[in-house]
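The first residue of the sequence shown is numbered 1, and numbering continues consecutively from there.
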Amino acid sequence: MTVLDWVLVVIAGISLVFGYLQLRRAQVAAVDTAKAQSKAEEKLRVDRERLLSEAEKEVSRIIANAQKEADTLRREAEVKNKEQALLARQEAEKTANARMATLEKQEHRLQTKEDSLDKKIQAVDQKTKELETKTEKVKEASEKLESQQVEVKQIIVAQSRKLEEIAGLTKDEAKAELTAELEYTAKMDAAKLIRRIEEEAEEEADRRARWTITTAIQRIASDVVTEIAVTSVQLPSDDLKGRIIGREGRNIRALEKATGCDLIVDDTPETIVVSSFDPIRREVACQSINRLIADGRIHPARIEEMVEKVKVEMDEHLKDLGKSISIDMGFPDIHPKLHKLIGRLNYRTSYGQNVLEHTKEVARIADYMATEIGADSRIVRRAGLFHDIGKAIDREVEGTHIEIGMELLKRFGEKEAIIHAMSCHHGDNEPQTVEAMLVTAADALSAARPGARREMMETYTKRLEQLEEIATSYQGVQKSYAMQAGREIRIMVDAGAINDDQAFWLAKDVSKRIEAEMQYPGQIKITVMRETRAVEYAR
């Protein structure tokens with residue numbers, strides 16, 4: 001063998017030795033592991049047996065404690081049951097004792113009542129015996145009285161026969177003669193008494209009527225309200241006159257067109273005069289001017305916006321005014337739609353007399369007279385308040401103010417007695433009740449007071465109303481305003497319904513009709529205004 005072979009043999013031997021050594025080491029490790037595992041299992045077994053022993057001891061201890069607690073609870077429950085039974089027995093004994101006491105009281109009360117009844121029965125028996133005795137005595141007296149009445153009748157018949165023989169008249173004839181004489185005497189006395197009573201009643205009624213009417217006028221009469229057709233508006237400075245007039249007069253024309261009033265700007269310092277026969281228009285114009293001055297923005301668009309706003313507020317003011325008057329007069333139940341109509345009467349006049357003040361005065365005078373004579377004061381006061389309600393819209397609705405008022409009151413549920421009482425104050429209907437007569441008398445008294453009414457202003461107002469009625473009667477006319485104290489009428493027409501040529505002919509037709517139907521001093525200018533507006537909103 002060569003050296004290489006020996007080397008290879010040596011290397012193989014060394015490898016075998018190393019392999020054997022590793023195998024032996026592995027066997028030793030396996031034996032050690034098995035011993036360790038056996039020791040661990042033995043230790044686990046010992047621990048398990050110890051734990052089981054301890055658990056059995058704990059269970060025995062818990063069972064013993066539970067048994068003790070159960071015994072304790074059972075003894076406590078027995079004690080509690082005995083206590084409750086004792087309490088229940090005591091309560092039952094108290095109840096029984098109370099019932100026994102009540103029964104004893106009732107028995108005593110019954111015994112007392114029984115004794116009382118026995119006494120009453122004895123008293124009744126005694127009274128019954130006495131009554132029987134008295135009845136026998138009354139019976140005997142009645143029999144005796146009947147026999148005496150028979151004797152009296154016989155005596156009366158005998159005396160009547162003797163009187164007939166002496167007088168020469170039978171009983172019926174004497175009775176008839178005596179009755180006739182008494183009847184004649186009674187009639188004469190009654191006639192004299194009736195005549196005297198009638199004369200005294202007429203004198204007393206005339207005196208009381210004069211006194212009642214005079215006192216009513218003295219106590220109820222209000223101040224005379226003078227009608228005006230112009231109102232002055234005070235300006236902070238004269239510089240505002242130019243702003244109100246505007247460039248080329250556009251602002252003042254917009255004001256006159258929107259309000260229907262005539263604005264007079266003259267040399268009077270710091271003053272503008274608003275002229276119109278319609279007090280509501282005049283008031284709207286004055287408030288609009290004052291607000292425009294306070295606002296500072298005065299141009300046509302702002303003027304129209306402000307006038308519309310004031311008109312809406314004026315409607316609310318009229319409603320509040322009517323409601324306040326209704327409550328002051330004692331009628332909070334008036335229909336809300338009548339409040340505005342009552343408020344409108346404050347801006348309506350009749351022969352220079354304020355209609356609202358007139359209606360309040362009529363209601364108070366009628367109320368006072370009704371109280372004096374015993375009539376229904378509530379009916380006359382309510383009818384007096386409503387008697388001129390038709391004048392609030394008589395310029396807008398066909399018919400007399402009485403017919404319009406009756407229709408309004410029927411529509412809003414007023415009683416028939418009130419409607420009848422207010423419908424008679426101008427003699428259009430015959431009064432059927434005392435209340436209707438009182439309202440008529442109160443209306444006449446209120447109108448007849450010295451200085452209460454003037455004819456000229458009413459005639460002037462009617463002429464201006466007639467001017468506006470003629471203008472608005474044509475088709476296509478939107479609004480018309482009488483201005484310049486009736487010397488000018490301005491007519492606003494619908495630009496879509498009337499063209500420029502038709503506007504010219506409309507002015508001609510209105511002028512001819514005014515000349516034919518009206519009487520007026522000087523001349524009247526007819527101005528027809530037609531404009532087209534395009535309105536759009538940028539959003």
Sidechain N-carboxylate O distance under 4.0 Å for Lys391, Asp388: yes
Should the pair Lys360-Glu357 be classified as a salt bridge under the 4.0 Å nitrogen-to-oxygen rule? yes
Looking at residues at least two apart in the chain, or sitting in another chain, which of them share a side-chain hydrogen bond (donor to acceptor under 3.5 Å, both in side chains) with [X]?
X: Arg281; answer: Glu468
X: Arg243; answer: none
X: Asp500; answer: Arg530
X: Arg381; answer: none

Any pair counted as side chain to side chain donor-acceptor pair (under 3.5 Å), so long as it reaches residues 287-300, sequence neighbours left out: Glu283-Gln287, Arg291-Glu313, Asp295-Arg297, Asp295-Arg302
Once side chain to side chain donor-acceptor pair (under 3.5 Å) is applied, what residue pairs with a partner in residues 244-254 remain, sequence neighbours excluded? none
What pairs with [X] under side chain to side chain contact (heavy atoms under 4.5 Å, CB included), at least two apart in sequence or on another chain?
X: Ser511; result: Ile526
X: Ser237; result: Asp239, Leu240
X: Ala442; result: Val362, Ile365, Ala366, Met369

Side chain to side chain contact (heavy atoms under 4.5 Å, CB included) with Cys261: of Val273, Val274, Leu255, only one passes, and it is Val274
Donor + acceptor pair across side chains of Asp443, His358 (<3.5 Å): yes
Between Arg513 and Ser473, is any side-chain donor less than 3.5 angstrom from a side-chain acceptor? yes
Tell me, with the steps shown, if Leu235 and Thr271 meet side-chain contact (heavy atoms from CB on, under 4.5 Å). CA-CA 6 Å; Leu235 303 178; Thr271 301; over 6 Å; no
Measure the shortest side-chain to side-chain distance between Ile244 and Ile272 over non-hydrogen atoms and say whether it is less than 4.5 angstrom. yes
Within the 4.5 Å heavy-atom criterion, are Ile252 and Glu256 side-chain neighbours or not? yes
Taking only residues two or more places apart in sequence, or in another chain, which ones meet His401 in a ring pair (Phe, Tyr, Trp, His ring centres under 6.0 Å)? His425, His426
Anything under 3.5 Å between a donor and an acceptor, one on a side chain of residues 408-415, the other on a protein residue two or more places apart or in another chain? List them.
| residue | atom | partner | partner atom | Å |
| --- | --- | --- | --- | --- |
| Glu414 | OE1 | Arg382 | NE | 2.8 |
| Glu414 | OE2 | Arg382 | NH2 | 3.0 |

Glu403: what forms a salt bridge (charged side-chain N to carboxylate O under 4.0 Å, His left out) with it, not counting sequence neighbours? none
Go through the steps for Val477 and Met492 under the test side-chain contact (heavy atoms from CB on, under 4.5 Å), then give the verdict. CA-CA 6 Å; Val477 175; Met492 271 68 79; over 6 Å; no
